[in-house]
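Bear in mind the structure is a predicted one, so any value in this text is a computation, not a measurement. Counting convention: from 1, in listed order, for ligands and their atoms alike.
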Amino acid sequence: MKILVTGGAGYFGSVLVPELLRAGHSVTVLDSLLYGGTGLLQNFGNRNFRFIRGDVRDEPVLRQAADEADVIIHLAAIVGYQACRKDERLAEEVNLGGTRNVAAAASSGQTVIFASTGSNYGAVDGVCTEETPLQPLSVYGRTKTEAEHLLLQSCPVVAYRFATAFGISPRLRLDLMINDFVYQALKTKNLIVYEKNFRRTFIHVCDMARAIRFALDHLPEMRGQVYNVGGDSMNLTKEDVARKLREKVEFYLHFAEVGKDEDQRNYEVSYKKIRDLGFDVTISLDEGLDELIRGMQVVQVTNPYSNVYF
Ligand SMILES: NC(=O)c1ccc[n+]([C@@H]2O[C@H](COP(=O)([O-])OP(=O)(O)OC[C@H]3O[C@@H](n4cnc5c(N)ncnc54)[C@H](O)[C@@H]3O)[C@@H](O)[C@H]2O)c1
């Protein structure tokens, strides 16, 4: 297939794109390179790979990039509650405006696979299914919710509400909870966890890529539908994750009774709908932690005002 991946240079795209190329697809990435393009370097030796440096807010560029695609995988976004809060207008323009352009560029013969998010649920008692009302708590969640709605109304789409990713990627993100916990445990030997009983749900970034390939293989039955994508065994509290990590690494772990997490998401998700179609995750928290612990050896974040580097 010919596939356009918007935002393909990001944390997820850097894992997904080589996987699509390995599967024999032709892949075009459209990305504005907000965080650089290092994650894409591995692909340039492949003749089936094409890169366009561009912005999803630029409709003619997007339309041209999408022209010959069979499938558009729409990842480009301002991602996470912190990044969106920093520049709400940009988040609105990219997450919603960019998605509006994707919907306008997609012709009736093309399918859009949209990377939506479990953040759309917010704080929910009980277990979220795809029918649970969406009550996003952040600009990120709200713009992703509206973007998902817009796509479902206007073009053939598979909307994947992904759990929170973890694991190593060539464009690593340390603002993701598990990745951040491992970084702090290893580099500062110190982790303070607020609101330890908050429930979160996780998926390894390689399983996210597998889920996309699964959709490509099942487009006729999946088109027009929303799916939660993750694993039931990875609905965990923050305390569960921290204690599991503590079994592997020596560090000072403190569960704070005072203070609160700015990220107030607290929810559990059912993944039955996609599991019934035949997809399940393969990489456990245990394996993902081991990978992160090994991989963090090469991660160095320096503070120019410090004499000490972790
Ligand atoms: N990582 C997760 O935990 C997670 C979970 C659920 C959903 N998602 C979704 O998956 C997608 C990818 O997330 P990620 O973790 O790779 O984030 P990321 O921030 O690493 O990647 C986003 C990419 O989009 C690009 N981009 C941003 N604005 C752009 C614009 N205007 N035009 C073109 N490109 C632009 C950036 O340069 C970057 O390469 C997002 O849509 C996100 O909402 C991610």
In the protein, what heavy atom is nearest to [atom], and what distance, to one decimal place, separates them?
{"atom": "atom 31 (N) of ligand 1", "value": "D55 OD1, 2.8 Å"}
{"atom": "atom 6 (C) of ligand 1", "value": "F162 CB, 3.4 Å"}
{"atom": "atom 16 (O) of ligand 1", "value": "F12 N, 2.8 Å"}
{"atom": "atom 20 (O) of ligand 1", "value": "Y11 N, 2.8 Å"}
{"atom": "atom 11 (C) of ligand 1", "value": "L75 O, 3.4 Å"}
{"atom": "atom 4 (C) of ligand 1", "value": "M208 CE, 4.1 Å"}

Is it the case that H204 and E291 place a side-chain donor and acceptor less than 3.5 Å from each other?
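There is such a pair between these side chains.
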Taking the side chain as every heavy atom from C-beta outward, state whether [X] and [Y] have any pair of such atoms under 4.5 Å apart.
{"X": "H218", "Y": "L277", "answer": "no"}
{"X": "V299", "Y": "L174", "answer": "yes"}
{"X": "V27", "Y": "I73", "answer": "no"}

Residue pair E148, K144: steps toward the salt bridge (Lys or Arg N to Asp or Glu O under 4.0 Å) verdict:
CA-CA 6 Å; E148 179 193 292; K144 294 295 284 191; over 6 Å; no
Quick one: which of [options] has a heavy atom closest to [atom]?
{"atom": "atom 8 (N) of ligand 1", "options": "Y160, Y140, F166", "value": "Y140"}
{"atom": "atom 7 (C) of ligand 1", "options": "G97, A115, S116", "value": "S116"}
{"atom": "atom 1 (N) of ligand 1", "options": "R53, R57, E93, R173", "value": "R173"}
{"atom": "atom 39 (O) of ligand 1", "options": "L33, T99, L40, D31", "value": "D31"}
{"atom": "atom 27 (C) of ligand 1", "options": "G7, A76, A77", "value": "A77"}
{"atom": "atom 34 (N) of ligand 1", "options": "A91, S32, G10", "value": "S32"}

N-O pairing of [X] and [Y] below 4.0 Å:
{"X": "R22", "Y": "E19", "value": "yes"}
{"X": "E268", "Y": "R199", "value": "yes"}
{"X": "E247", "Y": "K244", "value": "yes"}
{"X": "R173", "Y": "D180", "value": "no"}
{"X": "E146", "Y": "R100", "value": "no"}

State if A163 counts as touching ligand 1 under the rule of any non-hydrogen atom under 4.0 Å.
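Yes, A163 has a heavy atom closer than 4.0 Å to ligand 1.
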L176 near ligand 1, heavy-atom distance under 4.0 Å?
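Heavy atoms of L176 do come under 4.0 Å of ligand 1.
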Could you see which bit of V79 sits under 4.0 Å from ligand 1, with heavy atoms only: side chain, backbone, both or neither?
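Side chain only.
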Heavy-atom distances under 4.0 Å are what count here, so tell me which part of H74 touches ligand 1: side chain, backbone, both or neither.
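H74 to ligand 1: no contact under 4.0 Å from either part.
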Would you call the rings of Y160 and F162 parallel, tilted or perpendicular, where under 30° means parallel and over 60° means perpendicular?
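Y160 and F162: perpendicular rings.
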Give the minimum heavy-atom separation between V102 and I72, together with the two atoms involved.
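Heavy atoms of V102 and I72 come nearest at CG1-CG2, 4.2 Å.
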If you measure every N or O of V56 against every N or O of ligand 1, does any of those distances drop under 3.5 Å?
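Right, the criterion is met.
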What do you reckon, does L34 have a nitrogen or oxygen under 3.5 Å from a nitrogen or oxygen of ligand 1?
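Looking only at distances, the answer is yes, because the N/O contact criterion of under 3.5 Å is met.
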Under 6.0 Å between ring centres, would you say that holds for Y81 and Y140?
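Not close enough - the centres of the two rings lie 6.0 Å or further apart.
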Do the ring centers of Y194 and F255 come within less than 6.0 Å of each other?
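No; F255 has its ring centre 6.0 Å or more from that of Y194.
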Under a 4.0 angstrom heavy-atom cut-off, which atoms of ligand 1 come close to [X]?
{"X": "T164", "value": "3 (O)"}
{"X": "T117", "value": "6 (C), 7 (C)"}
{"X": "G54", "value": "32 (N), 33 (C)"}
{"X": "R171", "value": "18 (P), 19 (O), 20 (O)"}
{"X": "A165", "value": "1 (N), 2 (C), 3 (O)"}
{"X": "V94", "value": "28 (N), 31 (N)"}

